[in-house]
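The structure appears below as structure tokens.
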Amino acid sequence: KDADFRKGGRILDVGCGTGDFCIELEKAGFAVFGIDPVNKMLKIARSKISGIRCQVSGVKRQLLMANGHSLPFLPNFFDGITIGFSLRHLDISIFLDEARRVLKSGGRVVILEVSSPNHPLLRFLHKLYLQRVVPSLAYIFCNKTNEYAYLHQSFELYMPSPKELKTIFLEKGFVEMKAIPIFFGACSIFIATKD
């Protein structure tokens, strides 16, 4: 809702994975393009999306193998870009240069990402949850721990604070950057507009 994408516009989902965001965007009436660097993920996304009729007349959806560092699209092509839980896997500076290039003027980038709560107690509990609880549950239910232990490590190593992220966006020529904390700040939605 806060993203306020133009109805029927072209939206790029970066790091689309198995296509969940693409499906919701298409149901909302957008022309959806998704990219992911992992072909297995794209195969799953294609199988899930194949049964959904594209609601935007004259537009064919596209799911492509690519990454956020080199977007295979023309300049000023998209009305919006979404990225869910993948920003920490990218060089943010390179991604924002590419995002600015392919976005139309007034286009928006909307990011859903893990963040750190401001309150010290909640921040401690959040860290404990990511470090101990998530890997333990993954071991119990999936007999996997390494993949889920990486969640905390990737967040600690690569994710700037909301304040730092806002500074990076503004330095890259975006305006109206805002952060909306959800789940007591354990995740945030970041929205920025191309000037």
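For this chain, numbers begin at 1 and follow the sequence in order.
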Practice item. Could you check C16 against L42 for side-chain contact (heavy atoms from CB on, under 4.5 Å), going step by step and ending with a plain yes or no? Key: CA-CA 8 Å; C16 67; L42 289 171; 3.7 Å; yes
Revision key, fill the gap. Note: H69 and D91 closest approach over all heavy atoms is NE2-N, 2.8 Å
Check your understanding: Do F174 and L103 come within less than 4.5 Å of each other through their side chains, counting heavy atoms only?
Key -> yes
Exercise for review: Please lay out, stage by stage, how E24 and D13 fare under the test side-chain contact (heavy atoms from CB on, under 4.5 Å).
Suggested key: CA-CA 11 Å; E24 294 306 315; D13 187 32; over 6 Å; no
Review point. Do M65 and L63 belong together in a cluster built from hydrophobic side chains that touch within less than 4.5 Å?
Key: yes
Point to revise | Spacing of E176 atom CD and L170 atom CG [to the nearest 0.5 Å] | key: 10.5 Å
Revision key, fill the gap. With N76 as partner, the option from R101, K194, K104 fulfilling side-chain hydrogen bond (donor to acceptor under 3.5 Å, both in side chains) is K194
Check your understanding: Which residues pass the side chain to side chain donor-acceptor pair (under 3.5 Å) test with T167, sequence neighbours left out?
Key -> none
Practice item. Sequence neighbours left out, what passes ring-ring contact (aromatic ring centres under 6.0 Å, His included) with F85? Give chain and number order. Key: none
Check your understanding: Does M177 reach the side chain of L165, with side-chain heavy atoms less than 4.5 Å apart?
Key -> yes
Review point. How many angstroms lie between CZ in R46 and CE in M41, if you round to the nearest 0.5 Å?
Key: 13.5 Å
Review point. Are L64 and F77 linked, directly or through other ILVMFWY residues, by side chains that come within less than 4.5 angstrom of each other?
Key: yes
**Study point:** Minimum side-chain heavy-atom gap K48-D20 below 4.5 Å
**Key:** yes
Exercise for review: Report yes or no: do V14 and I168 belong to one cluster of Ile/Leu/Val/Met/Phe/Trp/Tyr joined by side chain heavy-atom distances under 4.5 Å?
Suggested key: yes
Review point. Are V102 and L90 connected in the hydrophobic side-chain network, where two residues link if heavy atoms are under 4.5 Å apart?
Key: yes
Exercise for review: Assess whether side-chain contact (heavy atoms from CB on, under 4.5 Å) is satisfied between L96 and E171, documenting all intermediate values.
Suggested key: CA-CA 10 Å; L96 290 180; E171 285 172 353; over 6 Å; no
Point to revise | Rounded distance (nearest 0.5 Å) linking atom CD1 of I35 with atom CG of L71 | key: 5.0 Å
**Study point:** Check against side-chain contact (heavy atoms from CB on, under 4.5 Å), V109 and R100
**Key:** CA-CA 9 Å; V109 177; R100 262 193 115 252; over 6 Å; no
Study note, to complete from the structure: In terms of heavy-atom contacts, G17 and A45 come closest through O-CB, 3.6 Å
**Study point:** Distance-minimising heavy-atom pair for F169 and A192
**Key:** CD2-CB, 3.4 Å
Exercise for review: Could you pull out the closest heavy-atom pair between R108 and T193, with the gap in Å?
Suggested key: NE-OG1, 3.0 Å
Review point. Do you know which two heavy atoms are closest between D79 and G9, and how far apart they sit?
Key: OD2-CA, 3.1 Å
Revision key, fill the gap. dist I180:CD1 -> L112:CG (nearest 0.5 Å) comes out at 10.5 Å
Review point. Between CD1 of I49 and CD1 of I23, what distance do you get to the nearest 0.5 Å?
Key: 5.0 Å
Check your understanding: Can you name the residues that form a ring-ring contact (aromatic ring centres under 6.0 Å, His included) with F78, not counting sequence neighbours?
Key -> F33, F73
Review point. What pair of heavy atoms forms the shortest contact from S86 to G15, and how long is it?
Key: OG-O, 3.7 Å
Practice item. Find the distance between CD (Q62) and CG (L12) and round it off to the nearest 0.5 Å. Key: 10.5 Å
